[in-house]
Number of protein chains: 2
Amino acid sequence: MSIDVKTVCLGILSLGDGSGYDLKKRFESTFGHFFQAGYGSIYPALAQLAETDLVSCCEVLEEGKPAKKIYRITESGRHELVKTLESTTPTHKIRSEFLAVLYFAELIGPAQLDRIINHRVGEMQDVLRLLDELKHDSAADQGPGPRFVRGFGETILRAALDYIETHRAELCAGHEGHEPKLQPVSRTAT
Amino acid sequence: MSIDVKTVCLGILSLGDGSGYDLKKRFESTFGHFFQAGYGSIYPALAQLAETDLVSCCEVLEEGKPAKKIYRITESGRHELVKTLESTTPTHKIRSEFLAVLYFAELIGPAQLDRIINHRVGEMQDVLRLLDELKHDSAADQGPGPRFVRGFGETILRAALDYIETHRAELCAGHEGHEPKLQPVSRTAT
DNA sequence: CGCAACATGTAAGCGGTTACATGATTAC
DNA sequence: GTAATCATGTAACCGCTTACATGTTGCG
């Protein structure tokens, strides 16, 4: 039993009812920095949860709006959630193409290196801004869990940004004076 | 074109020849903290690289040892590597069941919470120790790239450990005084 | 008129994990 | 003898990503 999209959906629903579309937004704002999920995962997950009666579902037809399906966690859903959360030893996996590329920084032209780092820095700043909004958003759940997790993300992102700005110069030290011998990449082929 | 196991294998081979078994070890020590790969990914990757002539392969039969296949990057392999590294905008993805669980900390018994956090802290300390060994290991490549990446890992891990130790107490504040109402999990079922 | 936001889904494909299968050598 | 290390691979499975498919409302 592991923590998959289904479990997290169940968890989010334990904090309040919502539609698939809703859940996606909550995923993005609150979980985006450490757990991603798209519609292609969320909708099937909700369907499965409904099938096993861990959530109930009712269709809402408002005029002037597309039809919605609001999901609500059931009692057995709450039990299952707690059981799952407690019976697992949760993982924490990083898959960083970014660091993989930087490992081979010496092979890359300085301009490309700059582009890559700037792009990543931009992404991190975006997430940081998101987390900051979250902090000042009273609507977002402010229990100990959410606060801890948000703070964790903030701390790690700041540390990473700081590290990058402090050490990025050293990366370029590798190829100073000699231009990369390779022709510029002609096309983003294959 | 993205940075997959194949590309990283090619990259590692650009720093020196090696067998699949070797590569796995280098993956673990140097890339373990941000990019995982098992035999089930590495061997097929090497086979594919050899098929497309990005690496060459020769079998080595030493007495008193199992047969080995030593792979070596080719010229076209080096070109392909640089092209791939430069033509991508590398991602950095975190998938943290750990943070997902902590987000719902209020639902979990204090003992379980403790176990989960201690386990994760242990893992992080292990990786930190590994990185420290790497730092004092002159055999490990000490170019700017490897140094940057190792330092990055170290910095983030220290920041994370520090954050956890500073804020873990606040997590338990949620359920003080009232024991969790649920029966202890009977079995790690399903 | 077109685009963004609201809203729900399906299906193919991909990459990686896990388990399986095998076998030699070395050290305890 | 038996466990650990060295050594190579295959195949099933699984979950997630991506692309596809469709339709409404409201705003500029």
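Computed from a predicted structure; not experimentally measured. Hydrogens, waters and symmetry mates play no part in the numbers below; they use all other heavy atoms, side chains included.
In this structure, A:K24 is positioned above the aromatic face of A:Y39, its NZ or CZ under 6.0 Å from the six-membered ring centre and within 45° of the axis.
Across the protein-nucleic acid pair, A:K6 atom NZ and D:dC16 atom C1' stand 14 Å apart, rounded to whole Å. Taking atom CD of residue A:E97 and atom P of nucleotide D:dT17, one finds them 13 Å apart after rounding to whole Å. Atoms OH (A:Y39) and C1' (D:dA21) sit 15 Å apart, rounded to a whole Å. Nucleotide D:dT17 holds its C1' atom 8 Å from the NZ atom of B:K93, rounded to whole Å. B:D4 places its CG atom 15 Å from the C1' atom of C:dG13, with the value rounded to the nearest Å. Taking atom CG of A:D22 as the reference point, atom C1' of C:dG9 lies 16 Å away to the nearest angstrom.
Residues from residues 40-58 of chain A placing a heavy atom under 4.0 Å of any atom in DNA chain C, listed by number, are A:G40, A:Y43.
Counting only heavy atoms from C-beta on, B:S19 has its side chain closest to D:dT8 among D:dC16, D:dT17, D:dT8.
Between A:K69 and the phosphate of C:dG9, there is a side-chain N or O to OP1/OP2 separation shorter than 4.0 Å. Residue A:R95 places none of its side-chain N or O atoms closer than 4.0 Å to OP1 or OP2 of C:dG15.
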Contacts under 3.5 Å, N or O only, protein and nucleotides 4-6 of chain C:
from  : atom 1 : to    : atom 2 : distance (Å)
C:dC6 : OP2    : A:Y21 : OH     : 3.1
C:dC6 : OP2    : A:K25 : NZ     : 2.9

Solution key, residues 43-52 of chain A side-chain donor-acceptor pairs under 3.5 Å, sequence neighbours excluded:
from  : atom 1 : to    : atom 2 : distance (Å)
A:T52 : OG1    : A:Q48 : O      : 2.8
A:T52 : OG1    : A:L49 : O      : 3.3

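For A:E86 (side chain) and B:G109 (main-chain N/O), a donor-acceptor pair under 3.5 Å exists by modelled atom type. Side-chain N or O atoms of B:D137 include none that pairs as donor or acceptor with a backbone N or O of B:E133 at under 3.5 Å.
By the 4.0 Å N-to-carboxylate-O rule, B:R120 lies close enough to B:E123 to be salt-bridged with it. Note on B:R129 versus B:D132: no salt bridge recorded, every NZ/NE/NH1/NH2 to OD/OE distance being 4.0 Å or above.
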- Query: Under the side chain to side chain contact (heavy atoms under 4.5 Å, CB included) criterion, do B:L128 and B:E154 qualify, and how do the steps go?
  - Reply: CA-CA 6 Å; B:L128 216 44; B:E154 210 182 314; 4.0 Å; yes
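Among the protein residues, A:F27 comes within range of no part of the nucleic acid, since none of its heavy atoms lies under 4.0 Å from any strand.
Across B:F35 and B:V8, no two heavy atoms sit closer than the pair CZ-CG2, 3.8 Å.
Among B:L113, B:L102, B:V101, the single residue meeting the side-chain contact (heavy atoms from CB on, under 4.5 Å) criterion with A:L85 is B:V101.
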